[in-house]
Amino acid sequence: MRIAIGSDHGGFPLYRSVMEEVARLGHEPVGVNPQETIQPGDDYPDYAVLIGARIQQRDCERGILICGSGVGAAVAANKMVGIRAGLCHDTYSAHQGVEHDDINVLCLGARVIGIELALELVRAFVNAKFTGEERHRRRLEKILKIEIGAGR
Ligand code: RB5
């Protein structure tokens with residue numbers, strides 16, 4: 001699968017390693033950062049939009065978005081229609097978020113976790129599949145209603 005990967009300056013220390021890990025897992029990393037070097041003044045919402053657009057256009061199936069804490073990345077990405085982003089710093093959430101909640105973007109905080117945990121999280125996220133069970137679909141349909149303003 002094609003996986004869009006992006007980071008602001010806060011997430012940049014993990015950017016290359018995450019790209020390499022996705023390739024090592026047999027998937028295609030699609031780097032969205034316009035430059036190959038750290039950009040000290042850049043803003044995480046810009047990368048959220050680049051990744052979200054790839055998913056919305058079906059150019060990529062999933063994304064990995066890295067900032068300093070992962071919080072801003074998740075907030076920004078979740079504003080986009082069809083994007084379900086999870087900030088996961090434990091491996092259970094990284095795979096269960098896909099299996100139950102069908103998250104399509106993994107958010108990571110490079111100032112919070114180290115490289116080895118980050119790569120374990122990438123593996124858990126990439127290898128996980130949505131179960132498709134009725135109860136999980138039902139919950140996703142409710143989220144879709146919230147997204148289109150018909151949630152209540
Ligand atoms: C950037 O300095 C930092 O604020 C950002 O990467 C992120 O941590 C926001 O959630």
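Quick note: numbers below take in every heavy atom, side chains included, and nothing from hydrogens, waters or symmetry partners. In each ligand, atom 1 is the first atom listed, and ligand 1 is the first ligand listed.
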Novice: Can you pull out the closest protein heavy atom to atom 4 (O) of ligand 1? Residue, atom name and distance to 0.1 Å, please.
Specialist: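 Here the closest protein heavy atom is R111 NH1, 4.4 Å.
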
Novice: Regarding E61 and R2, does a basic nitrogen lie under 4.0 Å from an acidic carboxylate oxygen?
Specialist: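 So E61 does not pair with R2 through a salt bridge.
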
Novice: Decide whether an N or O pair under 3.5 Å exists between A73 and ligand 1.
Specialist: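 No: no nitrogen or oxygen of A73 is under 3.5 Å from one in ligand 1.
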
Novice: As an exercise, state the distance from OH of Y44 to NE2 of H9, rounded to the nearest 0.5 Å.
Specialist: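 With rounding to 0.5 Å, OH (Y44) is 10.5 Å from NE2 (H9).
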
Novice: Which atoms of ligand 1 are found less than 4.0 Å from any heavy atom of H9?
Specialist: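 Matching atoms, with element in brackets: 1 (C), 2 (O).
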
Novice: Please list the nearest protein heavy atom to atom 10 (O) of ligand 1 with its residue and the distance rounded to 0.1 Å.
Specialist: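 Minimum-distance protein heavy atom for atom 10 (O) of ligand 1 reads G72 N, 2.8 Å.
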
Novice: Nearest 0.5 Å please: distance from the CG atom of L119 over to the CG atom of L14.
Specialist: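 L119 atom CG to L14 atom CG measures 7.5 Å (nearest 0.5 Å).
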
Novice: Flag the pair D101 and R84 as a salt bridge only when some basic side-chain nitrogen lies within less than 4.0 angstrom of an acidic carboxylate oxygen.
Specialist: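 Looking at R84 together with D101, the answer is no, because their closest N to O distance does not fall below 4.0 Å.
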
Novice: Whether E20 and R24 form a salt bridge (side-chain N of Lys/Arg under 4.0 Å from carboxylate O of Asp/Glu) is what I want to check.
Specialist: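 Result for this pair is no, no salt bridge flagged.
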
Novice: Out of all atoms in ligand 1, which are within 4.0 Å of some heavy atom of S69? Include the element for each.
Specialist: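 Ligand 1 atoms under the 4.0 Å threshold to S69: 7 (C), 8 (O), 9 (C), 10 (O).
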
Novice: Going by the atom numbers of ligand 1, which of them fall below 4.0 Å from some non-hydrogen atom of Y44?
Specialist: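 In order of numbering, the contacting atoms are 5 (C), 9 (C).
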
Novice: Under 6.0 Å between ring centres: does that hold for Y15 and F12?
Specialist: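 Y15 vs F12: aromatic centres under 6.0 Å.
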
Novice: Any idea which atoms of ligand 1 are less than 4.0 Å away from a heavy-atom of D8?
Specialist: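 In order of numbering, the contacting atoms are 1 (C), 5 (C), 6 (O).
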
Novice: Based purely on interatomic distance, does G68 place a nitrogen or oxygen under 3.5 Å from a nitrogen or oxygen of ligand 1?
Specialist: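 Yes; at least one N/O pair falls below 3.5 Å.
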
